[in-house]
Amino acid sequence: MALLIAAGSARAGVGEDAYREQCASCHALNGVSTPEGPSLNGVVWRKIAALADFPYSPGLKAKRGTWTPGMLDAYLKDTQGFAPGTDMFWDLRDDVKRRAIIDYLKSIK
Ligand code: HEC
C-alpha cells in the first residue's frame, strides 16, 4: 500500500515537472487566462473552449464536447490535426510526459 502511494505521488511529480517545462509559459492554473493561453485548472471534463476570459480561435471553438483525458491526449499530441486552425502550436509527442501531464491536470481543480 505504502509502495502504491509512493508510486502515485512520484508520477504526479513527473507530471508537475513536465507541466512546468512544457505548458506553464503559456497556461496559468489560477483561473485567470493570459494573452498566451487559457487557464487550465479544472480543464479535465470542462467543455472545450469554454472560458469567457480567453479569445479562442474559430478552429478550437468548432470542436464540440468535453476535455476527456482521451480528447486531451489527442489534442496535445497533434494540435493542428485535432483542431485545424487552433492557435496552440505546441505538440507534445512524448507519450510518457503527455500522460503524466494529463494525470497532473486531473488533480488541479
Ligand atoms: C506557446 C504557448 C502554448 C504552450 C507552450 C501550450 N499551449 Fe495550450 N494553448 C495555447 C493557446 C494559444 C490555446 C488556445 C487555442 C485556441 O484558441 O485555438 C491553448 C489551448 C489549450 C487547451 C484548450 C483549453 C480550453 O479551455 O479549451 C488545452 C487543454 C491546452 N492548451 C493544454 C496545454 C498543455 C497541457 C500544454 C503543455 C503540454 C500546452 N497547452 C502548451 C498556447 C500554448
Side-chain angles (χ1 to χ4, degrees):
M1 191 60 187
L3 245 180
L4 276 178
I5 292 167
S9 57
R11 259 205 315 278
V14 170
E16 186 172 357
D17 288 351
Y19 181 87
R20 281 217 196 91
E21 170 194 301
Q22 298 281 330
C23 321
S25 57
C26 296
H27 291 287
L29 293 173
N30 61 1
V32 182
S33 301
T34 69
E36 283 72 42
S39 188
L40 290 186
N41 53 305
V43 73
V44 183
W45 304 111
R46 186 163 86 197
K47 248 187 98 222
I48 295 174
L51 296 183
D53 73 344
F54 189 81
Y56 293 99
S57 67
L60 196 61
K61 279 198 286 197
K63 297 298 286 190
R64 301 264 175 256
T66 301
W67 286 122
T68 62
M71 295 278 259
L72 279 170
D73 193 64
Y75 183 50
L76 298 178
K77 187 174 187 175
D78 178 9
T79 50
Q80 300 300 319
F82 177 90
T86 179
D87 286 340
M88 177 165 145
F89 295 91
W90 191 268
D91 293 347
L92 180 52
R93 304 279 177 185
D94 183 320
D95 293 345
V96 173
K97 278 192 186 170
R98 210 173 53 247
R99 280 169 202 154
I101 287 172
I102 293 167
D103 277 349
Y104 171 62
L105 287 173
K106 281 185 199 160
S107 74
I108 307 293
K109 309 291 176 189

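Sequence positions, counted from 1, serve as the residue numbers for this chain. Indexing begins at 1, ligand by ligand and atom by atom, following the structure's order.
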Would you mind telling me if ligand 1 is within reach of the side chain of Lys61, the backbone, both or neither, using heavy atoms under 4.0 Å?
-> neither
Pro38 contact mode with ligand 1 (heavy-atom cut-off under 4.0 Å) = side chain
What I'd like to find out is whether the side chain of [X] reaches to under 4.5 Å of the side chain of [Y], using heavy atoms alone.
X	Y	answer
Thr66	Met71	no
Asp91	Gln80	no
Pro35	Phe54	no
Tyr104	Asp17	no
Arg93	Asp78	yes
Lys106	Pro69	yes

Any heavy atom of [X] closer to ligand 1 than 4.0 angstrom?
X	result
Gly59	no
Tyr19	no
Arg98	no
Tyr75	yes

Report the nearest protein non-hydrogen atom to [atom]: residue, atom name, distance rounded to 0.1 Å.
atom	result
atom 1 (C) of ligand 1	Cys26 SG, 2.8 Å
atom 15 (C) of ligand 1	Thr86 OG1, 3.4 Å
atom 26 (O) of ligand 1	Tyr56 OH, 2.5 Å
atom 7 (N) of ligand 1	His27 NE2, 2.7 Å
atom 12 (C) of ligand 1	Glu36 O, 3.3 Å
atom 28 (C) of ligand 1	Leu40 CD2, 3.7 Å
atom 17 (O) of ligand 1	Ser57 N, 2.8 Å
atom 14 (C) of ligand 1	Phe54 CE2, 3.6 Å

Any N or O on Ile101 sitting closer than 3.5 Å to an N or O of ligand 1?
-> no
Less than 3.5 Å between some nitrogen or oxygen of Arg46 and one of ligand 1, yes or no?
-> yes
Plane angle bin for Trp67 and Phe82 - parallel if under 30°, tilted between 30 and 60°, otherwise perpendicular = parallel
State whether the side chain of Ser39 and the backbone N or O of Ala28 hold a donor-acceptor pair below 3.5 Å, judged by distance alone.
-> yes
Under 3.5 Å, side chain of Arg98 to main-chain N/O of Leu72, donor-acceptor pair present?
-> no
Numbered atoms of ligand 1 (with element) below 4.0 Å of [X], judged on heavy atoms:
X	value
Ala49	25 (C), 27 (O)
Leu76	32 (C), 33 (C), 34 (C), 35 (C)
Trp67	23 (C), 24 (C), 25 (C), 27 (O)
Leu72	29 (C)

Is it the case that one hydrophobic cluster holds both Leu105 and Val96, taking links as side-chain heavy atoms less than 4.5 Å apart, direct or via other members?
-> no
Would Ile108 end up clustered with Val32 when hydrophobic side chains under 4.5 Å apart are linked, directly or stepwise?
-> no
Contact flag Met88/atom 8 (Fe) of ligand 1, N/O/S atoms, threshold under 2.8 Å = yes
Verify side-chain contact (heavy atoms from CB on, under 4.5 Å) between Met88 and Leu76, making sure each step is shown before the conclusion.
-> CA-CA 9 Å; Met88 177 165 145; Leu76 298 178; 3.7 Å; yes
Tell me, with the steps shown, if Leu60 and Tyr75 meet side-chain contact (heavy atoms from CB on, under 4.5 Å).
-> CA-CA 10 Å; Leu60 196 61; Tyr75 183 50; 4.1 Å; yes
